[in-house]
Number of protein chains: 2
Amino acid sequence: MTAQPPVRLLLADDHPVVRAGLRAVLETEPDFEVVADVPTAEGAVDLAARLDVDVVLMDLQFGGRMLGSQATAEITARDGAPRVLVLTTYDTDVDILAAIEAGATGYLLKDAPPEELAAAVRTAAAGKSALAPTIALRLMDRMRTPATALSRRETEVLQLVADGLSNAQISKQLFLSQATVKSHLVHIYAKLGVDSRTSAVAAATTQGLIRR
Amino acid sequence: MTAQPPVRLLLADDHPVVRAGLRAVLETEPDFEVVADVPTAEGAVDLAARLDVDVVLMDLQFGGRMLGSQATAEITARDGAPRVLVLTTYDTDVDILAAIEAGATGYLLKDAPPEELAAAVRTAAAGKSALAPTIALRLMDRMRTPATALSRRETEVLQLVADGLSNAQISKQLFLSQATVKSHLVHIYAKLGVDSRTSAVAAATTQGLIRR
DNA sequence: TGCGGCATCAATCGAAAGGTGGAGCCTGGG
DNA sequence: CCCAGGCTCCACCTTTCGATTGATGCCGCA
């Protein structure tokens, strides 16, 4: 066992308390070094480029508008980019998939115990994928039932339905005809095994296909 | 300015990271002393009785069954009970009302900056009510529009709508005629200021009038 | 190159949901 | 005692939704 250079960390979370907590937890590990923490996704993108960091711990839900997944995508797009470990409160499918598509190396829940957190950081620093057991299970489920996979456009329509819009309103918002909206809905109902917009929203919500 | 005895704190949150963060943030204040932190609501009730604490910082959502408001009620029921400051992530009406009814002295959001947090703890220790500005505003809204209060039966109907049931299914489940279900819905729409079942569910969800 | 999935649109028809305007019953508070 | 408000129900009508069928263009993959 040779002396390793420390793992350099960047923390991105809009909750001051969580930032302080992550710092406190991670700095007890002798081989970790928290180089900075930021309260915004934009700040994370900026500092990830300018500082020399190995792993970014990224929250997905920021108070503002820019999403953590978007920031993740921007960070991982660069050459020699740091690994991004997504750290979020709830484990909905949309979030997980968005994060993985954005190039996240791992996905953790905020209720993870410190040891699991530290282990995930080391795994990520080594370039390997780090998924919380809960998340891994959920992904397995996803693979087994391909029916649950809505297309991008379908998800978009369903989200607007969940927001309470009528077919007419959705068609205007997405610059579609009502026929198209209905067509998407028919496919959505078939995939979810339901027969009305409200039950589609209910099913999609429990399965974490849309955000509330 | 005389030397005050320190404010003795108990932290209750199921997220290790949040506990560490609260500890880190609050211990920088010289007049605060964190005497313990616990990961469960039950533990909070227990320690609040056995230790000499002034203020309990209580999360509402615990991993298991939601006991935060219940624990608050149990703690505040005793003689010489500490003040309970509820600290939660999201600001839904049901949560706020439940906490206040349970006897919470204050209600804070987890994204509060450290200064606000410290100020609220001091306010609570002094026995005064401490509400985050966002929360206070929301409560004012609540008072101004008593319409937002759905009756028991209306809430019941709306919950079933949110679960994806049709009027026919709801009428069977509640042993009503469809006319009655429709009648309830009309009143619900009026109170929420909407005109369809899906938008009623959306509105009620954001206002925390129904679960999930 | 052709097949399948996705996205787009159209027409039609019956069923469900929403809008309006009632009405009777019961309970609790002024 | 009466009135307000919650809960239950009815009829009639309009609008929206869902189901069905069918069509087009695009793209990726075998």
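Order of the sequence lines fixes the chain letters, A, B, ..., with proteins taken first and strands second; residue numbering starts at 1 for each chain. FYI, side chains are in, hydrogens and waters are out, and symmetry mates aren't considered; it's all heavy atoms of this structure.
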Q) Can you tell me if the side-chain N/O atoms of B:Arg152 get under 4.0 Å from OP1 or OP2 in D:dC7? A) no
Q: To the nearest Å, give me how far apart CG (B:Leu185) and C1' (D:dT8) are.
A: 14 Å
Q: Could you tell me the separation between the CZ atom of B:Arg83 and the OG1 atom of B:Thr72, rounded to the nearest 0.5 Å?
A: 14.0 Å
Q | Side chains of B:Ser171 and B:Ser177 in contact at under 4.5 Å (non-hydrogen atoms) | A | no
Q) Whole Å only: how far is the CD atom of B:Gln169 from the C1' atom of C:dA15? A) 14 Å
Q) So what is the end-to-end bend of the helix from C:dT1-D:dA30 to C:dG30-D:dC1, with 5 pairs used at each end and the value given to 10 degrees? A) 40°
Q: Please work out if A:His187 contacts a base, only the sugar-phosphate, or nothing of the nucleic acid, heavy-atom cut-off 4.0 Å.
A: nothing
Q | Given C:dA7, D:dC9, C:dG18, the nucleotide with the shortest approach to the side chain of B:Tyr189 | A | C:dG18
**Q.** Side-chain N,O (A:Thr180) to OP1/OP2 (C:dC9) below 4.0 Å
**A.** yes
Q.
Side chain of A:Glu154, heavy atoms from C-beta onward: which of C:dT20, C:dA7, D:dC9 has the nearest atom to it?
A. C:dA7
Q | Nucleotide of C:dC9, C:dG18, D:dC17 approaching A:Arg197 most closely (side-chain heavy atoms) | A | D:dC17
(Q) Please find the pair of heavy atoms, one from A:Ala162 and one from B:Ala202, that lie closest to each other, and give the distance. (A) O-CB, 3.4 Å
Q) Just to confirm, is there a sub-4.0 Å distance from OP1 or OP2 of C:dA7 to any side-chain nitrogen or oxygen of A:Ser151? A) yes
Between the protein and nucleotides 21-29 of chain C, which nitrogen or oxygen pairs come in under 3.5 angstrom?
none

Q) Rounded to whole angstroms, how far apart are CG on B:Leu174 and P on D:dG6? A) 18 Å
Q. Does a side-chain N or O from A:Asn167 land closer than 4.0 Å to OP1 or OP2 of D:dT16, or not?
A. no
Q. Taking all atoms of both residues into account, what is the closest heavy-atom pair of B:Leu185 and B:Asn167, and its distance?
A. CD1-OD1, 3.4 Å
Q: Taking all non-hydrogen atoms of both residues into account, name the closest pair between A:Leu47 and A:Ala36 and its distance.
A: CD1-CB, 4.0 Å
Q) What nucleotide, of C:dA17, D:dC7, D:dG6, holds the atom closest to the side chain of B:Lys191? A) D:dG6
Q) Nearest-Å distance, CD (B:Gln178) to P (C:dG18)? A) 12 Å
Q) Between atom CD1 in B:Ile188 and atom P in C:dG19, what is the gap in whole Å? A) 12 Å
(Q) Rounding to an integer number of Å, can you tell me how far B:Leu176 CG sits from D:dC9 C1'? (A) 10 Å
Q. Hey, what do you get for NE2 (B:His187) to CG (B:Leu150), rounding to the nearest 0.5 Å?
A. 12.0 Å
Q | Interatomic spacing from CG in B:Asp46 to CG in B:Leu10 - rounded to 0.5 Å | A | 10.0 Å
(Q) I'd like to know if the side chain of B:Thr180 pairs up with that of B:Ser183 as donor and acceptor (distance under 3.5 Å, no hydrogens or angles considered). (A) no
(Q) Which residue is it: A:Asp59, A:Asp37, A:Asp14? I am looking for the one with a side-chain hydrogen bond (donor to acceptor under 3.5 Å, both in side chains) to A:Arg19. (A) A:Asp37
Q. Expressed in angstrom and rounded to an integer, what is the separation of B:Lys182 atom NZ from C:dG19 atom C1'?
A. 9 Å
Q: Measure from the side chain of A:His184, starting at C-beta and using heavy atoms only, and say which of D:dC7, C:dG18, C:dA7 lies closest.
A: C:dA7
Q | Interatomic distance, A:Leu87 atom CG to A:Leu22 atom CG [nearest 0.5 angstrom] | A | 6.0 Å
Q: State whether B:Ser196 places a side-chain N or O below 4.0 Å from either non-bridging phosphate oxygen (OP1 or OP2) of D:dT16.
A: no
Q) In whole Å, what is the span from the CD atom of B:Glu156 to the C1' atom of D:dC7? A) 12 Å
